[in-house]
There are 2 protein chains.
Amino acid sequence: MSAIGERSPVQEPHQSLAERLFLTLRGEIVEGRIAAGSKISEPGLARRFNASRGSLREALMHLESLGLLERRVNVGARVVDLGERGLLELYEVREALEGMACRLAAQQRTEEDLAELRQMLSRHEQQEELQAGKAYFQPEGDFDFHFRIVQASKNALLIDTLCNRLYYRVRMYRYQLGMASPRARRAFREHSHIIEAIEAGDGELAELLMRRHIRASRQNIENKLR
Amino acid sequence: MSAIGERSPVQEPHQSLAERLFLTLRGEIVEGRIAAGSKISEPGLARRFNASRGSLREALMHLESLGLLERRVNVGARVVDLGERGLLELYEVREALEGMACRLAAQQRTEEDLAELRQMLSRHEQQEELQAGKAYFQPEGDFDFHFRIVQASKNALLIDTLCNRLYYRVRMYRYQLGMASPRARRAFREHSHIIEAIEAGDGELAELLMRRHIRASRQNIENKLR
DNA sequence: GGCACCAGGATTGTCGACAATTACCAGGAG
DNA sequence: CTCCTGGTAATTGTCGACAATCCTGGTGCC
């Protein structure tokens, strides 16, 4: 249950080939180097990585369990292509889960978590003033925020579901749609208020604010798609 | 993304061996025939089912993605054994997701869904009066209710997450702890009120009631564990 | 007695090959 | 021209074997 945002930047030495294939392919799919909706050729990819089809299939199954691939028996695997509907569904689930994460983070907060959250926020503030609010919604800023909040919930299942199962799809969509949100300054204020509520230990308010925050983000995307 | 509660009782004819192994093993793990925490022997199980280790490994990976198995590289797979902490985490996530499912079900309800829900409820009422309230919380009654609600949300990601990824773990715990809740009659009333809120199209109330319902169920388990 | 070390055995990771199924394309009938 | 049909090629599902790694039990040393 290894979350994506762990501290150690070193790679585990005991890593299976299938796992390395999985990580590589996940990156290529998320960043769009392998197009959404395109068919996956097992023999082709196996040749490309000088790996056996068995190891590659293991990686593909892992990708399927993340919801990045769709496999059908005797037919093969395709990169998922959910469309507008799937994106909105994703945000509805995020609203529920990250709302709960905020509530739990407020209840279970430690001084250590709070210090990290405050530090992150001030780092974002500098970055935001530098870049005049257009880059805030890129992975460094926004994902960092949501990751940290979710980690602070201390609920392993919640962390796994959001960070491993859902966020890669979100990132895939952002690459696909070329997100550069105009909500940067407002989003930063919302983040700030959420952290204040967590500091105050007000789980109910923290949940409410996070849900509103994600709903606003969803509506922003909804408008953009018309 | 095939949910568990689909209509057709017939088995798909084009089903891979790995998938059959997966279904069989899932059943045995959920029902406790393969003990929680026990180690999985790939060669042993492969011999038992007259299958190759490759096909079996595919089934094991699928089980891992459901959170029923934990695999470590070069070591092997063990049946998950989360303990009290994991069970409570499970209920926190359910509270968030099923609450959202209720909200969506109330917003997107169709006359067809409502008819099915009402019919299910009256069926449960008869059954409840027959069995004097001790069997209601068994899979037939309770799971049926939660399944139907989630289906009615029409959110495929939500349906998949709850029905495929979380419910099997819940069922596993129930078998493990031998659940026969004393909350039967009260739970039935709560179910009834939730459906009323959905009928009325009041998503906010439906969500609130469902969250309360699951929290009560969680506290009931919490008490039982002390 | 306790701890480090070292085979032996078993298990896992990886590979290439075969069988079964599907997709593709050409040809003919309506 | 469209639709159906048949055959071929490619892809997927399944299998057994080999190499790398880990667990177990026993031995020797402190």
Side-chain angles (χ1 to χ4, degrees), chain A residues 1-2 10-26 28-29 34-81, chain B residues 1-2 8 10-29 34-81:
Chain A
M1 219 170 258
S2 71
V10 296
Q11 293 219 345
E12 303 287 333
H14 297 301
Q15 199 173 219
S16 79
L17 168 60
E19 200 161 350
R20 280 187 310 242
L21 290 176
F22 161 71
L23 292 173
T24 305
L25 288 173
R26 188 181 63 184
E28 299 206 356
I29 290 176
I34 301 181
S38 64
K39 181 158 178 2
I40 296 288
S41 162
E42 288 184 9
L45 280 184
R47 274 195 302 274
R48 181 182 149 201
F49 292 111
N50 289 100
S52 90
R53 259 186 62 223
S55 302
L56 188 108
R57 277 169 67 89
E58 181 167 338
L60 294 186
M61 278 173 227
H62 202 164
L63 288 169
E64 183 192 17
S65 81
L66 285 195
L68 294 174
L69 251 54
E70 284 175 345
R71 283 185 28 173
R72 275 175 15 186
V73 208
N74 281 318
V75 171
R78 310 189 76 87
V79 180
V80 71
D81 183 22
Chain B
M1 215 170 262
S2 71
S8 79
V10 296
Q11 293 218 345
E12 303 287 332
H14 297 302
Q15 199 175 218
S16 80
L17 168 60
E19 199 161 350
R20 279 188 309 244
L21 290 176
F22 160 71
L23 293 173
T24 304
L25 288 173
R26 187 181 64 185
E28 300 206 356
I29 291 176
I34 301 182
S38 64
K39 181 158 177 5
I40 294 288
S41 162
E42 288 184 9
L45 281 183
R47 273 195 303 274
R48 182 182 148 201
F49 292 111
N50 290 99
S52 89
R53 259 185 63 223
S55 302
L56 188 107
R57 276 169 67 88
E58 180 167 338
L60 294 186
M61 277 172 232
H62 202 164
L63 288 169
E64 183 191 18
S65 80
L66 286 195
L68 294 175
L69 251 56
E70 283 175 344
R71 284 185 30 177
R72 274 174 17 188
V73 219
N74 281 319
V75 170
R78 310 189 75 88
V79 180
V80 71
D81 182 22

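Chain letters run A, B, ... following the sequence lines, proteins first and then strands; every chain starts at 1. Worth knowing before you read on, the calculation uses all heavy atoms, side chains too, and leaves out hydrogens, waters and symmetry mates.
A distance of 12.0 Å separates CD in A:Glu64 from CD1 in A:Ile40, rounded to the nearest 0.5 Å. Within the model, atoms CG of A:Leu69 and NZ of A:Lys39 stand 10.0 Å from one another, a figure rounded to the nearest 0.5 Å. Going from atom CG of A:Leu25 over to atom CZ of A:Arg20 covers 12.5 Å, rounded to the nearest 0.5 Å. How far CG of B:Leu56 is from CG of B:Leu17: 9.0 Å, rounded to the nearest 0.5 Å. The structure places CG of A:Leu60 at 7.0 Å from CG of A:Leu45, a figure rounded to the nearest 0.5 Å.
Atom CG of A:Leu45 and atom P of D:dT11 are 12 Å apart (whole Å). Between the CG atom of A:Asn74 and the P atom of C:dT21 there is a distance of 7 Å, given to the nearest Å. Rounding to whole angstrom units, CZ of residue B:Phe22 and C1' of D:dG13 are separated by 18 Å. A straight line from CD of B:Glu42 to P of C:dT14 spans 12 Å, rounded to a whole angstrom. The CD1 atom of B:Ile40 sits 14 Å away from the C1' atom of C:dT11 (whole-angstrom rounding). Whole-Å rounding puts the A:Arg78 CZ to C:dA23 P distance at 10 Å. Atoms CD (B:Gln15) and C1' (C:dA20) sit 16 Å apart, rounded to a whole Å. Between the CD atom of A:Glu19 and the C1' atom of C:dT12 there is a distance of 14 Å, rounded to whole Å.
Listed by residue number, A:Arg53, A:Arg57 are the residues of residues 51-66 of chain A with a heavy-atom contact under 4.0 Å to DNA chain D.
OP1 or OP2 of D:dT12 sits under 4.0 Å from a side-chain N or O of A:Lys39.
Residues A:Arg72 and A:Leu17 both approach DNA chain C. Their nearest nucleotides, taken by heavy-atom distance, put A:Leu17 toward the 5′ side.
Residues passing the salt bridge (charged side-chain N to carboxylate O under 4.0 Å, His left out) test with A:Glu42 are A:Arg53, A:Arg57, sequence neighbours excluded.
Counting only heavy atoms from C-beta on, B:Val75 has its side chain closest to D:dC22 among D:dC22, D:dT11, C:dT14. Counting only heavy atoms from C-beta on, B:Ser16 has its side chain closest to D:dG13 among D:dC15, D:dG13, C:dC15.
When all heavy atoms of A:Ala18 and A:Ser55 are compared, the closest pair comes out as CB-O, 3.7 Å.
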